[in-house]
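Accompanying notes for the structure given below.
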Amino acid sequence: GAVVSQHPSWVICKSGTSVKIECRSLDFQATTMFWYRQFPKQSLMLMATSNEGSKATYEQGVEKDKFLINHASLTLSTLTVTSAHPEDSSFYICSARPTRGLNTEAFFGQGTRLTVV
Amino acid sequence: SQKIEQNSEALNIQEGKTATLTCNYTNYSPAYLQWYRQDPGRGPVFLLLIRENEKEKRKERLKVTFDTTLKQSLFHITASQPADSATYLCALNSGYALNFGKGTSLLVTP
């Protein structure tokens, strides 16, 4: 199956600093990628849809100036958590679908565990 | 608002038995429904997709049913094994993105 690689797997940062998370599609091109956040024992919550070459679409309640998304190529999307605070500590996961269409499976990165201290 | 509900309580079963997990949804009219497996600290992995006009779909020891009248899907694992222990997520399309239920944690004991 298709491979989506996410880096880093975990990161610890100080409050007020910024953290960048990378999501790469290794063997397919992804014009659209998705960023999710998951708190312990909770569902994956869609944060934003990342579109290659254009602005990301953010879900209601997600601050676009805090969670900066860049999708500069067909194989790479990045999520930058700016001025991170302890409440931003969570598990961030990216996803892409190799084939266009609603009847297609999604592939996920390994996830990034962010801890803000 | 759209909701996907899965039994949040963990399901504990004995090895060899059949596990049955439930997914109910409201305010969706899905053409497709998907099931994923998630292990702790990992991203979800796709298991099965079922279409609205399919009542049942099978893949090895897995079986999924889809009842659009009841707005429910059932996910079965037959002859369960300890390696099946994980959280199982139900997912529906919201536009091109997927929305997920909270998942049901399955523990299969020897």
Side-chain angles (χ1 to χ4, degrees), chain A residues 1-10 21 23-25 30-52 56-62 90-115, chain B residues 1-11 21 23-26 28-54 57 59 62 64 66 86-107:
Chain A
V3 178
V4 174
S5 178
Q6 193 172 335
H7 178 82
S9 298
W10 59 271
I21 302 170
C23 180
R24 295 181 185 272
S25 55
T31 55
T32 305
M33 290 185 175
F34 304 94
W35 287 96
Y36 292 85
R37 179 168 53 183
Q38 187 176 34
F39 292 105
K41 306 287 187 185
Q42 298 297 312
S43 172
L44 279 80
M45 296 301 298
L46 180 66
M47 298 176 66
T49 300
S50 172
N51 303 298
E52 187 268 334
T57 304
Y58 290 82
E59 295 300 300
Q60 193 172 11
V62 178
S90 188
F91 191 53
Y92 293 85
I93 313 173
C94 69
S95 167
R97 294 163 98 162
T99 308
R100 204 72 198 170
L102 299 181
N103 60 336
T104 59
E105 64 193 89
F107 291 88
F108 289 81
Q110 307 94 312
T112 298
R113 172 75 57 194
L114 170 63
T115 302
Chain B
S1 61
Q2 292 180 321
K3 286 185 182 179
I4 303 172
E5 295 180 347
Q6 296 185 252
N7 190 341
S8 58
E9 292 192 13
L11 179 63
L21 287 65
C23 172
N24 294 295
Y25 58 89
T26 53
Y28 281 94
S29 297
Y32 313 97
L33 184 145
Q34 302 188 30
W35 283 90
Y36 288 77
R37 168 182 173 145
Q38 186 177 25
D39 291 285
R42 309 288 294 177
V45 175
F46 172 78
L47 294 175
L48 279 170
L49 178 150
I50 187 166
R51 303 168 197 274
E52 61 176 339
N53 60 354
E54 295 178 311
K57 190 87 169 275
K59 179 182 176 183
L62 309 180
V64 171
F66 191 12
T87 296
Y88 292 86
L89 307 169
C90 171
L92 292 170
N93 284 304
S94 177
Y96 190 46
L98 284 174
N99 283 349
F100 289 84
K102 193 179 293 189
T104 299
S105 176
L106 172 67
L107 178 62

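The analysis underlying the following values was restricted to heavy atoms, covering all of them including side chains, and did not include hydrogens, waters or symmetry mates. Residue numbers start from 1 in every chain, and the chains themselves are labelled A, B, ... in the order their sequence lines are given, proteins ahead of strands.
- Of the listed residues (A:Trp10, A:Phe34, A:Phe107), the greatest number of heavy-atom pairs within a distance under 4.5 Å of chain B belongs to A:Phe34.
- Most heavy-atom pairs under 4.5 Å with chain B: of the set A:Ile93, A:Asn103, A:Leu44, this distinction falls to A:Asn103.
- For chain A, the nearby part of B:Leu49 is the side chain; its heavy atoms alone come within less than 4.5 Å.
- For the side chain to side chain donor-acceptor pair (under 3.5 Å) condition, the pairs that include at least one residue of residues 90-107 of chain B, sequence neighbours left out, are A:Arg97-B:Asn93, B:Tyr28-B:Asn99.
- In this structure, A:Tyr36 and A:Phe108 have tilted ring planes: the angle between them lies in the 30° to 60° band.
- Considering every non-hydrogen atom in both A:Ala56 and A:Ser50, the closest pair reads CB-CA, 4.3 Å.
- Pairs of residues two or more places apart, or lying in two chains, never qualify as side chain to side chain donor-acceptor pair (under 3.5 Å) while including a residue from residues 40-54 of chain B.
- Shown here is B:Glu9, whose CD atom has no more than 12 heavy atoms of other residues, nucleotides or ligands within 6.0 Å.
- A pairwise comparison of heavy atoms in B:Gln34 and A:Glu105 identifies OE1-CA, 3.7 Å as the closest pair.
- A:Ser95 does not touch chain B: none of its heavy atoms, backbone or side chain, sits under 4.5 Å away.
- Proximity to chain A is absent for every atom of B:Leu47, based on heavy atoms less than 4.5 angstrom apart.
- No other option in A:Gln6, A:Gln110, A:Met45 has as many heavy-atom pairs under 4.5 Å with chain B as A:Gln110.
- Neither the backbone nor the side chain of B:Gln6 comes within contact range of chain A; no heavy atoms are under 4.5 Å apart.
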